[in-house]
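First up is the structure itself, then whatever we jot down about it.
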Amino acid sequence: MLPDPHSLYGPLDPAPEAGYENAPPRMGFFTDTSVCIGCKACEVACKEWNGVPESGLDLLGMSYDNTGALTANSWRHVAFIEQPRPAGHGVALADVLGAPVDADPARPVDAGPQFLGMPGAQPPGRGTGVEERTDFRWLMMSDVCKHCTHAACLDVCPTGSLFRTEFGTVVVQEDICNGCGYCISACPYGVIDQRKDDGRAWKCTLCYDRLGAGMTPACAQACPTESIQYGPLDELRERAAARVATLHDRGVPEARLYGHDPNDGVGGDGAFFLLLDEPEVYGLPPDPVVTTRDLPKMWKRAGLAALAMAAATVAAFVGGSS
């Protein structure tokens, strides 16, 4: 018998689906990138509370963001994206993001991201004068595990190391992980990573130990601008929709939500975002799909192929012996 069609895709409440009775409301993150200042306090708080090893000082030479990506040793990653200011949105983006408003009209808007150089003793442009100054905006985003409604990492784990909590989140039990790496290739977001010294998989747990004690996750607790908001997922979705409407009223039509829709390819994310540009700009897939969604169809086709092969073998045997 084929599995329930809603077990691998479609909207549902993941905790009751996992067998929890009288489960609490699903909890999650709403990250509003329009107020992120790139302080990386969330990265530090995550490391301190969860005992995540330090990542070392690795100057990438291409951005002020030297974390680079989500890894086994970076469960929160604040991405820095440098962009020229879009035409017609200078004042509104300045109000929202703190960008300069005295743009140079002679500079093409589509000139591409500008390399700002490495940090120095003076602000950019002070040594060269206003004529050489570039006009840009920062897009900053604190990325994290999405705690998908349909988590392919959980589906493919052969040891039960990954499990669904009563809060609807997905957690890795490192003492059960055997380092097979199936979850890494299964994740549509590329979140999970193996730690080099032991080979096991690691990722954000949404501070499961703090949730059980009624506490706020460390990253949200440390965020000074409330860019990272924690709470019941339904409330966060309402709050996010209101925030998008506010930004649209302020003249920022590119504001949009990502990962909030229960009808998307992963059934909606437990950690979703307000973005100010296309998802690809932030390194996010535009249309993520749970990689195990088509398993029932695949098994059905494989079964039919096996039956056809068995029937052909029997027919050949009977025909050859007659």
Side-chain angles (χ1 to χ4, degrees), residues 24-60 63-81 96-98 119 138-148 165 167-172 174 189 191-193 195 202-233 235-240 242-243 247 257-260 269-276 282-284:
R26 185 179 181 185
M27 308 300 283
F29 285 132
F30 164 49
T31 302
D32 182 352
T33 68
S34 70
V35 294
C36 178
I37 60 174
C39 67
K40 291 184 177 280
C42 55
E43 290 189 14
V44 176
C46 176
K47 283 180 174 289
E48 287 184 345
W49 179 261
N50 294 292
V52 180
E54 57 88 21
S55 304
L57 183 60
D58 183 16
L59 297 177
L60 302 181
S63 171
Y64 287 111
D65 166 27
N66 291 302
T67 305
L70 290 171
T71 67
N73 294 335
S74 294
W75 298 358
R76 270 275 180 189
H77 166 232
V78 180
F80 287 44
I81 299 106
V96 178
L97 306 174
W138 292 110
L139 293 180
M140 297 174 180
M141 171 199 175
S142 182
D143 197 8
V144 72
C145 172
K146 312 307 181 291
H147 295 276
C148 308
T165 75
F167 302 102
T169 59
V170 179
V171 175
V172 180
E174 63 274 8
Y189 296 101
V191 165
I192 309 180
D193 186 35
R195 192 166 290 167
W202 303 80
K203 73 173 191 67
C204 161
T205 66
L206 216 147
C207 286
Y208 181 44
D209 52 345
R210 293 174 67 96
L211 268 57
M215 300 170 63
T216 299
C219 56
Q221 184 74 40
C223 181
T225 64
E226 296 186 357
S227 172
I228 303 171
Q229 301 178 34
Y230 162 77
L233 198 58
E235 294 181 13
L236 293 178
R237 286 171 175 163
E238 293 179 3
R239 194 182 308 170
R243 175 60 176 164
L247 290 177
L257 295 179
Y258 177 86
H260 70 296
D269 292 324
F272 66 101
F273 304 82
L274 186 154
L275 305 179
L276 295 176
Y282 297 86
L284 297 170

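Of the possible polar contacts, none joining the Arg76 side chain to the Val144 backbone as a donor-acceptor pair under 3.5 Å is found.
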After noting the C-alpha distance and the side-chain angles of Met215 and Leu211, does the key distance pass the side chain to side chain contact (heavy atoms under 4.5 Å, CB included) rule? CA-CA 5 Å; Met215 300 170 63; Leu211 268 57; over 6 Å; no
Please step through ring pair (Phe, Tyr, Trp, His ring centres under 6.0 Å) for the pair Phe272 and Phe30, ending with a clear verdict. CA-CA 5 Å; Phe272 66 101; Phe30 164 49; 5.2 Å; yes
Phe273/Lys146 under side chain to side chain contact (heavy atoms under 4.5 Å, CB included): CA gap, chis, key distance, verdict: CA-CA 10 Å; Phe273 304 82; Lys146 312 307 181 291; 3.6 Å; yes
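Side chains of Asn73 and Thr71: no donor on one and acceptor on the other come within 3.5 Å. Tyr189 and Asp143 are not linked by any side-chain donor-acceptor pair at a separation below 3.5 angstrom, with hydrogens and angles left out of the test. With hydrogens and angles left out, the side-chain atoms of Gln229 and Thr31 include no donor and acceptor closer than 3.5 Å.
The shortest non-hydrogen separation linking Cys42 to Ser142 is SG-OG, 3.1 Å. In terms of heavy-atom proximity, Gly231 sits nearest to Leu236 at O-CD1, 3.5 Å. Residues Arg210 and Ala218 come closest through the heavy atom pair NE-N, 3.5 Å. Residue Cys145 comes nearest to Leu70 through the heavy atom pair N-CD1, 4.4 Å, listed as atom of the first residue, atom of the second, then distance. Summarising the geometry of Val78 relative to Cys36, their closest heavy-atom pair is CG1-SG, 4.2 Å, with the distance given to 0.1 Å.
With His147 as the partner, the side chain to side chain contact (heavy atoms under 4.5 Å, CB included) test is satisfied by one option alone out of Asp269, Leu233, Val170: Val170. Between Val171 and the options Thr165, Asp209, Leu206, a side chain to side chain contact (heavy atoms under 4.5 Å, CB included) holds for only Thr165.
A cation-pi arrangement is absent between Arg239 and Phe29 under the rule of less than 6.0 angstrom and at most 45 degrees off the ring axis.
By the neighbour-count criterion of 12 heavy atoms within 6.0 Å, atom CD of Glu174 is densely surrounded, having more than that number from other residues, nucleotides or ligands.
By the side chain to side chain contact (heavy atoms under 4.5 Å, CB included) test, Cys223 is found to be paired with Thr225, Ser227, Ile228, residues two or more places apart in sequence or in another chain being considered.
Within the 4.5 Å cutoff, the side chain of Ile192 has no heavy atoms near those of the Trp202 side chain. Using a 4.5 Å cut-off on side-chain heavy atoms (C-beta onward), Glu226 and Val35 make no contact. Here the side chains of Met27 and Thr169 are not in contact, with every heavy-atom distance at 4.5 Å or above. Contact of the Phe80 side chain with the Lys40 side chain is registered, since non-hydrogen atoms from C-beta on lie closer than 4.5 Å. Put simply, the side chain of Cys219 does not reach to within 4.5 Å of the side chain of Glu43, judged on heavy atoms. Within the 4.5 Å cutoff, the side chain of Arg26 has no heavy atoms near those of the Phe167 side chain. No side-chain heavy atom of Met140 sits less than 4.5 Å from a side-chain heavy atom of Ile81. Within the 4.5 Å cutoff, the side chain of Asn50 has heavy atoms near those of the Thr205 side chain.
Look at Lys203 and Asp193 and you find no salt bridge, because none of the NZ, NE, NH1 or NH2 atoms lies under 4.0 Å from a carboxylate O.
Atom CG of Leu247 is separated from atom OG of Ser34 by 5.0 Å, given to the nearest 0.5 angstrom. Once rounded to the nearest 0.5 Å, the distance linking CG of Leu275 with CG of Leu284 reads 6.5 Å.
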